[in-house]
Amino acid sequence: MRALFELPSPDGQPAVLASDADSRPRRPQLDPEALVAGLNGPQRDAVTHAGSPLLIVAGAGSGKTRVLTHRIAYLLAARDVHPGQVIAITFTNKAAGEMKERVAALVGNRARLMWVSTFHSACVRILRAEHDHAGLKSTFSIYDADDSRRLMQLVARELDLDPKRHPARGLATQVSNLKNELVDPETFAARAKGPMERAVAEAYTLYQRRLKEAHALDFDDLIMTTVHLFQSHPHVAENYRRRFRHVLVDEYQDTNHAQYQLIKELVSGTEGLEPAELCVVGDADQSIYAFRGATIRNILEFERDYKDARTIMLEQNYRSTQTILNAANAVISRNPSRKPKRLWSDQGAGESIVGYVADTEHAEADWVAREIDRLTDDTDARPGDVAVFYRTNAQSRVFEEVFIRVGLPYKVVGGVRFYERREVRDALAYLRAIVNDDDTVSIRRIMNTPRRGIGDRAEGAVEALSSRDRISFGAAMRRAADAPGISSRAVNGIGDFVALLEGLRELSETAPPEEVLEATLTRSGYLAELEESTDPQDAGRVENLQELVSVAREFTERVEGNDEQATLAGFLEQVALVADADQIPSDDPDHQGVVTLMTLHTAKGLEFPIVFLTGLEDGVFPHMRALGDNNELEEERRLAYVGITRARQRLYLSRAVTRSAWGAPSYNPTSRFIAELPEELVRWERTEGSYTSWSGTGGGVGNRGGSGASGGAARGGGFSGGTPKAAALAQRLGIDGSKLSTASELRQAAPKVAVGDRVNHQRYGLGRVLAVEGQGPSARAQIDFGDQTMWLVLRHAPVEKI
DNA sequence: GCTCACCTATTTTTT
DNA sequence: ATAGGTGAGC
């Protein structure tokens, strides 16, 4: 573990300080004036302001990254701060890497001595260094959300909780929230009211006990345990306070309570020690992580939390055209109780925002692909300049299908992540079991993978033995033969498994991670099973495992390049903390010419010349689950704000009138966010009018012209003027689009319904056929749509059997 | 104890 | 659509 980090020595002083001071010039040659040249007034203030605490309210695209990196460089260059005294907290590992690089570009290699990382990585670093104070083994496992859910499943089963009332996922979420609030199990149990809360309290208590026994920490524990460590061991806290004289936090609006407390601990003064200089940067309008405990109050109340705070607002946007900013401002200004802030740009109006209403999500994707194609032909845009955003990961599929079909190169960031694939998780579970014999969740995951004749019964017998004799699950496996009621076959299987782990553990003491991984995959028979399989999916799994081996090899090379030893634990830590979205190098030449697909959440902090914001439908974006709740709706609106402000030059907004959600198509109304845009900002290339025309209920194709100067209602319906050219285009698209074929399919399929069939009506949604009468063209069906029952002539009704 | 076939609920968003 | 859970049959 030590290999990865420069740790503070036991007295808390960074070991690097002394030698560094001796061997390097204290004062770099960089001229502080040159550093701030080219910054505008507020930016320059934000960089040079000496004193604490400092809140930088940075609007989207206001050069926040530049200000932060320059501020750090300024500390080092002009204010004689040692890099070892700086800790900067970023939101993602990728942001940390970039920040470190940029600072290094300004002040040179000594920037390496700063701590720049996410909250989670910083806490792991501290906990590894202080593991004995924190009551941890040095090789604790880190559980991600999926591991937590699995453990919670075991816990819920053990407590005999009804899975309907208390699904493991829900329990895990509630427990996570409690941890973010720094509420421990006892406190919560004491105040728990009603059976629901008491069940959560029980689950929380047992869950924590099981984590402890497994020498594992989940993501929330990493923060919470560090806070508790500082609170219960003041001398440990003091060491870090003495060390870190400058604390900088990016994306402060996305901090949760535990992270807030951690910062407080870090920057509070002690006897004879001034508080550290704190600088936080954020934008309340870009807070989009409340669902995982982030609380916007931290930034709104900064001035109350920290006396004498200075606030600097960065309101000039350097990223987007005024048109795009106007749209963003219009949307976000609908959030009540928001501190007013108005971004402005001097880049001129730029291109109009382009809107498009497609009939289906396929047509929407077709249009996006076609438009990207047109842009790359007609302008100097490259595919790499384009990003396509959507609300949920599932929406990426249809874009992928279309992009593959038309040969448009793309990459999906996030989504079904590499590290979440079953085979990768299995392999990592082996590695964790090797490193940490007590990691019950990992051991139980792989003890019968591949099959060794160890079933649920045997697993239960071992578990019973472990709780009866109060030994760990791993220790109980070694004495499997003593387990009451276990079959001899299972005992043999467990024996093989234990021996396998032993051998691998021994290997891991000398071999680098990639060799241990390869040995694991071959010796366990995991790889052989996949290779022999006839399931075509399994070939892909083999490739993923090869990829994982390469990741391990790269890790080893990188660590050894720093003259440190690559350990298995270190590799696992990297894998646990580094999301693979972080690993996509933005300047990788392979990705230069590639369209980027990602969720709006992933898009935070990025920018693209051309942005497609898709799926703008009530129920999709804003998401269905947010519709009933004003707070959540505000968060969705902030998400829209984030999405819009990612665009530099061109912004496209699109939606689909019908969209297949989990199999069945559904009719979606326009997103309210579209209605919130000033209509002169958007030129609609195609409107819903084009859609209704083919079904016979609407007016002229795309020619609803003039549109609603009269206002909201019409625009809300998606009607807006289209140029004749746009109308012609719309008609052409309507005709070639996959939609029209669907329309004719609908008409042919309609007469075939029978009583009891489930059907979907384009307007009324899902229904069930109650009765059918008549034959051929005159056939009618009585359909129950839930809120109403009606007789429809099948030949004319846009009904589809599902 | 394992495998297959069927059933169901499930989808926000992520360090 | 699809993963995960349940139950029957081997």
Side-chain angles (χ1 to χ4, degrees), chain A residues 89-96 117-124 142-146 148-150 153 157 163-164 167-170 173 176 180 217-223 250-251 254-256 258-259 287-294 389-398 413-417 419-422 448-461 486-490 492-493 537 575-582 598-605 615 619-627 629 632 635-636 638-640 642-643 660-665 802:
Chain A
I89 313 263
T90 57
F91 193 71
T92 63
N93 286 286
K94 185 181 173 199
S117 68
T118 61
F119 273 103
H120 292 89
S121 299
C123 287
V124 169
I142 298 170
Y143 281 3
D144 68 11
D146 187 66
S148 301
R149 210 204 64 241
R150 289 177 95 93
Q153 225 154 37
R157 211 171 297 157
K164 290 258 171 0
R169 199 170 166 71
T173 308
S176 169
N180 288 334
L217 298 178
D218 66 21
F219 272 24
D220 307 304
D221 279 331
L222 294 177
I223 317 282
D250 194 7
E251 309 285 12
D254 284 319
T255 51
N256 61 33
Q259 292 164 335
S287 164
I288 54 176
Y289 284 97
F291 69 91
R292 74 177 203 217
F389 299 154
Y390 34 78
R391 178 64 180 79
T392 63
N393 282 306
Q395 289 166 250
S396 73
R397 236 195 65 212
V398 60
V413 179
V416 202
R417 321 178 115 175
Y419 292 117
E420 279 167 22
R421 294 169 199 216
R422 174 157 45 93
N448 198 33
T449 311
R451 317 229 173 281
R452 301 184 175 87
I454 311 168
D456 294 344
R457 223 186 139 79
E459 192 181 325
I486 199 167
S487 72
S488 62
R489 180 177 168 192
N492 287 337
Q537 272 205 319
V575 167
L577 294 173
V578 177
D580 62 340
D582 286 346
M598 62 175 103
T599 65
L600 285 153
H601 282 86
T602 315
K604 186 163 86 151
V620 175
F621 183 39
H623 193 271
M624 187 85 76
R625 302 197 35 169
L627 287 179
D629 181 312
E632 290 190 47
E635 177 144 317
E636 297 283 312
R638 291 193 291 269
L639 197 52
V642 167
S660 304
W662 63 97
I802 53 178

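By convention in this document, chain letters (A, B, ...) are assigned in the order of the sequence lines, proteins followed by strands, and residues within each chain are numbered from 1.
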- Message: Rounded to whole Å, how long is the line connecting atom CG of A/Asp629 with atom P of B/dT13?
- Response: 18 Å
- Message: Checking contacts here: which listed nucleotide (B/dG1, B/dT11, B/dT14) is nearest the side-chain heavy atoms of A/His601?
- Response: B/dT14
- Query: Where each residue is assigned the nucleotide of DNA chain B containing its nearest heavy atom, which of A/Arg452 and A/Leu639 is assigned the position nearer the 5′ end?
  - Reply: A/Arg452
- Query: Taking all non-hydrogen atoms of both residues, which atom of A/Leu600 and which atom of A/Gly643 are closest, and how far apart?
  - Reply: CD2-CA, 3.6 Å
- Query: Measuring from A/Thr118:OG1 to A/Asp250:CG, what's the distance to the nearest 0.5 Å?
  - Reply: 12.0 Å
- Under 4.0 angstrom, heavy atoms only, what part of the nucleic acid is A/Ile454 near: base, sugar-phosphate, or nothing? sugar-phosphate
- Query: When you match A/Glu459 and A/Ala626 each to their closest nucleotide on DNA chain B, which lands nearer the 5' end?
  - Reply: A/Glu459
- Return the value, rounded to whole Å, for the distance between atom CZ of A/Arg292 and atom C1' of B/dT13. 9 Å
- Item | Under 5.5 Å and under 30°: A/Phe91 stacked on B/dT15 | no
- Task: Using atom CD1 of A/Ile223 as one end and atom C1' of B/dT15 as the other, report the distance to the nearest whole Å.
- Result: 8 Å
- Message: Tell me whether the side-chain N/O atoms of A/Ser660 come closer than 4.0 Å to OP1 or OP2 in C/dA1.
- Response: no
- A/Glu632 side chain to A/Asp629 backbone, donor-acceptor under 3.5 Å: no
- Item | Short side-chain N/O contact to B/dT14 OP1/OP2 from A/Thr602, under 4.0 Å | yes
- Whole Å only: how far is the CD1 atom of A/Ile288 from the P atom of B/dT14? 9 Å
- Tell me whether the centres of the aromatic rings in A/Tyr289 and A/Phe91 are closer together than 6.0 Å. yes
- Message: Need one value for A/Phe119: base, sugar-phosphate or nothing, where a base atom within 4.0 Å counts as base even if backbone is also close, heavy atoms only.
- Response: nothing
- Item | Nearest-neighbour nucleotide for the A/Thr599 side chain, B/dT13, B/dT11, B/dG1 considered | B/dT13
- Using a cut-off of strictly less than 4.0 Å, decide whether A/Asn448 has a side-chain nitrogen or oxygen near OP1 or OP2 of B/dC2. yes
- Query: Which part of the nucleic acid does A/Glu632 contact within heavy-atom distance under 4.0 Å: base, sugar-phosphate only, or nothing?
  - Reply: base
- Message: Base, sugar-phosphate or nothing for A/Ala490? Non-hydrogen atoms, less than 4.0 Å.
- Response: nothing
- Given DNA chain C, 5'-ward residue of the pair A/Arg157 and A/Arg397, judged by closest heavy atom: A/Arg397
Pairs under 3.5 angstrom, nitrogen or oxygen only, protein versus nucleotides 3-7 of chain B, please.
unit_1, atom_1, unit_2, atom_2, d
B/dT3, OP1, A/Arg451, NE, 3.2
B/dT3, OP2, A/Arg451, NE, 2.2
B/dT3, OP2, A/Arg451, NH2, 3.3

- What is the distance from CZ of A/Arg149 to C1' of C/dG4, rounded to the nearest Å? 9 Å
- Query: When you look at A/Phe389 and A/Thr602, which way does the side chain to side chain contact (heavy atoms under 4.5 Å, CB included) test go after all the steps?
  - Reply: CA-CA 9 Å; A/Phe389 299 154; A/Thr602 315; over 6 Å; no
- Query: From the list B/dG1, B/dT14, B/dT15, which nucleotide is the closest neighbour of the side chain of A/Arg457?
  - Reply: B/dG1
- Message: Run the side chain to side chain contact (heavy atoms under 4.5 Å, CB included) test on A/Glu251 and A/Thr90 for me, step by step, so that the C-alpha distance in whole Å, both residues' side-chain angles and the decisive distance to 0.1 Å come before the verdict.
- Response: CA-CA 7 Å; A/Glu251 309 285 12; A/Thr90 57; over 6 Å; no
- Report the distance from atom CG of A/Asp456 to atom C1' of B/dC2, rounded to the nearest whole Å. 10 Å
- Qualifying side chain to side chain donor-acceptor pair (under 3.5 Å) pairs, either residue in residues 448-459 of chain A, two or more places apart: A/Tyr430-A/Arg452, A/Arg444-A/Glu459
- Item | Length of the CD-C1' vector between A/Gln259 and B/dT14, whole Å | 12 Å
- Query: How far, in whole Å, is B/dT13 from C/dG4 if one measures between their C1' atoms?
  - Reply: 22 Å
- Query: For A/Glu635, what residues pass the side-chain contact (heavy atoms from CB on, under 4.5 Å) criterion, not counting sequence neighbours?
  - Reply: A/Ala290, A/Phe291, A/Arg638
- Check every atom of C/dG5, B/dT13, B/dT11 against the side chain of A/Thr392 and return the nucleotide holding the closest atom. B/dT13
- Can you tell me if A/Gln395 uses its side chain to pair, donor with acceptor, with the backbone of A/Gly615 under 3.5 Å? no
- Determine the contact category for A/Asn180: base if any of its heavy atoms lies under 4.0 Å from a base atom, sugar-phosphate if only primed atoms, P, OP1 or OP2 are that close, otherwise nothing. nothing
- Item | Nucleotide B/dT11, atom P - distance to CZ of A/Phe291 in whole Å | 14 Å
- Would one find a side-chain N or O of A/Asn393 under 4.0 angstrom from OP1 or OP2 of B/dT14? yes
